[in-house]
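Presented below is the structure to which this report refers.
Numbered from 1 within each chain, the chains take letters A, B, ... in sequence-line order.
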2 protein chains.
Amino acid sequence: MISKRTKYGLKALLYLGKKYEKGPILVSEIATEESIPQKFLEAILLDLKNHGILQSKKGKGGGYLLGRSPDLITFGEVIRILDGPIALLPCISQTSYQKCEECHDEETCGLRILMKEVRDVTSGILDGTTLARLMDKVNNAKMEVNGAVMYTI
Amino acid sequence: MISKRTKYGLKALLYLGKKYEKGPILVSEIATEESIPQKFLEAILLDLKNHGILQSKKGKGGGYLLGRSPDLITFGEVIRILDGPIALLPCISQTSYQKCEECHDEETCGLRILMKEVRDVTSGILDGTTLARLMDKVNNAKMEVNGAVMYTI
DNA sequence: CTAATAGTCCACTAAATCTATAGGGTATAT
DNA sequence: ATATACCCTATAGATTTAGTGGACTATTAG
């Protein structure tokens, strides 16, 4: 499971993506709309800003906005910032590898073989999905719910 | 990341799989061989026993053994016991679904769409891999390390 | 200039979870 | 009987999670 911190961060990101190019968005607006404790959200957005995912503007008319175009932000990157490594074992993580002290032989560790498979498909999806791409999917889902079916090429 | 508890449990399971049909194995043996704190391991194995994954025998000559044949034990089942749901969000979990209170519309929740994809491939692997199957892969890996290459049909 | 706005930063806490450890209890084979 | 080895309860330190409070600083409007 991802932490609430991560869930909140991703929800906020999707919200900001939806309002991309509409100028800075207030933390209070995101907090209200997405039902996230505001102070908690502040800390999360600050973290994302410090990692370059978001930008902010202080003072009147300020707020948060995406740091780059939505097609350049992947979920893998954001989840690693907020939740830590995607791999299920430290000895697999690309971003923060750590040897298991108790492991006799990494090459033939059954657990490692299995967890590597999982990591590969998981990060395949998460690093392969951009904010822009998911927003598209959401729109398609909404169309289908409304009865109209949209076909993408 | 999975917890150490889960990692230890899975390592022990692989160890017991390797010694399947060799009679009960002592907790102390597993603990020593796999470098796992013994008391901690006791609690983990007991948990697995209470869920039917393992059997135990008390008294002299006792110990732990698999509760079923290795081709009937999947990693998905064991991980859910030791680590909880495989899904990254409660609103996706098959085994312990819980609605996100803050979610407006589950059908069109972008996060849910993405996390469902991840859950599907992850549990595809974990529920599709049995202890027996992984032990096979380990053997193949060992052969390759030794220079011989084995081809499976 | 200054007042209002809105992000920034720091410290703190309560609760939960994780990772064990200690110590005795109970069933079993010899 | 008795040694063996799992079973059970309690406890405790460390870490993570989730959230709050308050002071500070940058920016803009007037």
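Residue B/D47 contributes atom CG, which lies 13 Å from atom P of D/dT9 at whole-angstrom precision. In this structure, A/L82 places its CG atom 16 Å from P of D/dT16, rounding to the nearest Å. Atom-to-atom, CD1 of B/I30 to C1' of D/dC6 comes out at 12 Å; the value is rounded to the nearest Å. Atom CG of B/L65 is separated from atom C1' of D/dC6 by 13 Å (rounded to the nearest Å). Atom P of nucleotide C/dT17 and atom CD1 of B/I2 are separated by 18 Å, given to the nearest angstrom. Summarising the geometry, the separation between CG on A/L48 and C1' on C/dT8 is reported as 15 Å, rounded to the nearest angstrom. Atom pair B/K57:NZ and D/dA5:C1' shows a separation of 12 Å (rounding to whole Å applied). The OH-P distance, from A/Y64 to D/dT27, rounds to 14 Å in whole Å.
Separating the CG atom in B/L82 from the CG atom in B/L10 is a distance of 6.5 Å, to the nearest 0.5 Å. Atom CG of A/L89 sits about 9.0 Å away from atom CZ of A/R112, to the nearest 0.5 Å. How far CG of B/L88 is from CD1 of A/I86: 9.0 Å, rounded to the nearest 0.5 Å. Atom-to-atom distance recorded for B/K7:NZ and B/M1:CE is 9.5 Å, nearest 0.5 angstrom. Here the straight-line distance linking atom CD of A/E34 with atom CG of A/L14 works out to 8.0 Å at 0.5 Å rounding.
Between A/Y8 and the choices A/R5, A/K11, A/K4, the side chain to side chain contact (heavy atoms under 4.5 Å, CB included) rule is met once, by A/K4.
Between D/dC7 and B/S56, a contact under 4.0 Å exists linking OP1 or OP2 to a side-chain N or O.
Remark on DNA chain D: of its neighbouring residues B/N50 and A/K4, the 5'-side contact belongs to B/N50, judged by nearest-heavy-atom nucleotide. Each of A/I25 and B/R5 lies near DNA chain C, and the nucleotide nearest A/I25 is the one positioned closer to the 5' end. Where A/K60 and A/L46 meet DNA chain C, the nucleotide closest to each residue was compared, and A/K60 sits on the side nearer the 5' end. Along DNA chain D, the nucleotide nearest B/K58 and the nucleotide nearest A/S3 are compared for position; the residue whose nucleotide lies closer to the 5' end is B/K58.
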*Let me see the working for A/S3 and A/D83 under side-chain hydrogen bond (donor to acceptor under 3.5 Å, both in side chains), right down to the final yes or no.*
CA-CA 7 Å; A/S3 60; A/D83 218 54; 3.0 Å; yes

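Near DNA chain D, defined here as any heavy-atom distance below 4.0 Å, the residues from residues 35-45 of chain A are A/P37, A/K39, A/F40, listed numerically.
Of the candidate nucleotides D/dG19, D/dC6, C/dC18, D/dG19 has the atom lying nearest to any side-chain atom of A/Y8.
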